[in-house]
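See below for the structure under consideration.
Values reported hereafter were calculated over all heavy atoms of this structure, with side chains retained and with hydrogens, waters and symmetry mates removed.
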Amino acid sequence: GAVVSQHPSWVICKSGTSVKIECRSLDFQATTMFWYRQFPKQSLMLMATSNEGSKATYEQGVEKDKFLINHASLTLSTLTVTSAHPEDSSFYICSARDQDRERSPNTQYFGPGTRLTVL
Amino acid sequence: ELKVEQNPLFLSMQEGKNYTIYCNYSTTSDRLYWYRQDPGKSLESLFVLLSNGAVKQEGRLMASLDTKARLSTLHITAAVHDLSATYFCAVANTGNQFYFGTGTSLTVIP
């Protein structure tokens, strides 16, 4: 089955620093990836849609200058949390859609998540 | 904006009992997904429902979709402790963006 990995699994950083999270589709190509944020005991909230070779589309209320998304290849999207603050501490999950729609139509594959703690 | 609500938010049930989780959504969609999440983990895909009237079953879980009522249900039959987790439904819009329900935290008591 399709596998999506994230790196790192968890990260602890100081307030004001930037953190980069990687999302990779390991055995398929993904023109579109999605980034979600989940606060403790809450649901997943879509942050942005990452499109290979073009600018990401951000959901309302998500600061694009704070959460930088780069989708440089068909298997890699990165989310950089710039000048992180304690309120950015959360569980960040990415998902990827298999480009081969006939093989797996309408399916998103979720990564294992990255837990970010900002001190 | 597509809104998705689940009911109940918290559910505590005894082993062997049956129960249903409800998922309502606000705008038209013909794709609905159910996921399971264990503490500290990512999402595990349970069901994909792609058409009105779709019913899928896996073990003690059965999911159904009524697109006219904008309602999906996840029915649990004869619950066992291993089913304790948080269950999310998600609805996809035409851009294939997923909007998740509020989640149902299920605890199965021996």
Report which part of B:Gln6 has an atom under 4.5 Å of a heavy atom belonging to chain A: side chain, backbone, both, or neither. neither
Using links of under 4.5 Å between side-chain heavy atoms of ILVMFWY residues, direct or through other members, which residues join A:Val118 in one cluster? A:Val11, A:Val19, A:Ile21, A:Trp35, A:Met47, A:Tyr58, A:Val62, A:Phe67, A:Ile69, A:Leu79, A:Val81, A:Tyr92, A:Leu116
Please classify the contact of A:Leu44 with chain B as side chain, backbone, both or neither, using a heavy-atom distance under 4.5 Å. both
Interface check, chain B: of A:Pro112, A:Pro40, A:Ser95, A:Gly113, most non-hydrogen pairs under 4.5 Å belong to A:Pro112
Go through the atoms of B:Thr102 and report whether side chain, backbone, both or neither lie under 4.5 Å from a heavy atom of chain A. backbone
Tracing side-chain links under 4.5 Å among I, L, V, M, F, W and Y, which residues wind up in one group with B:Met62? B:Val55
Start with the C-alpha distance between B:Phe98 and B:Tyr33, add both sets of side-chain angles, then the distance that settles ring pair (Phe, Tyr, Trp, His ring centres under 6.0 Å), and finish with yes or no. CA-CA 9 Å; B:Phe98 281 24; B:Tyr33 304 78; 4.4 Å; yes
Could you go through the side-chain contact (heavy atoms from CB on, under 4.5 Å) check for A:Glu52 and A:Ser77 one step at a time? CA-CA 8 Å; A:Glu52 188 268 336; A:Ser77 175; over 6 Å; no
Please answer whether the main-chain N or O of B:Ser64 pairs with a side-chain N or O of B:Ser72 as donor and acceptor at a distance below 3.5 Å. yes
Under 4.5 Å heavy-atom distance to chain B, tell me which part of A:Gln38 shows up: side chain, backbone, both or neither. side chain
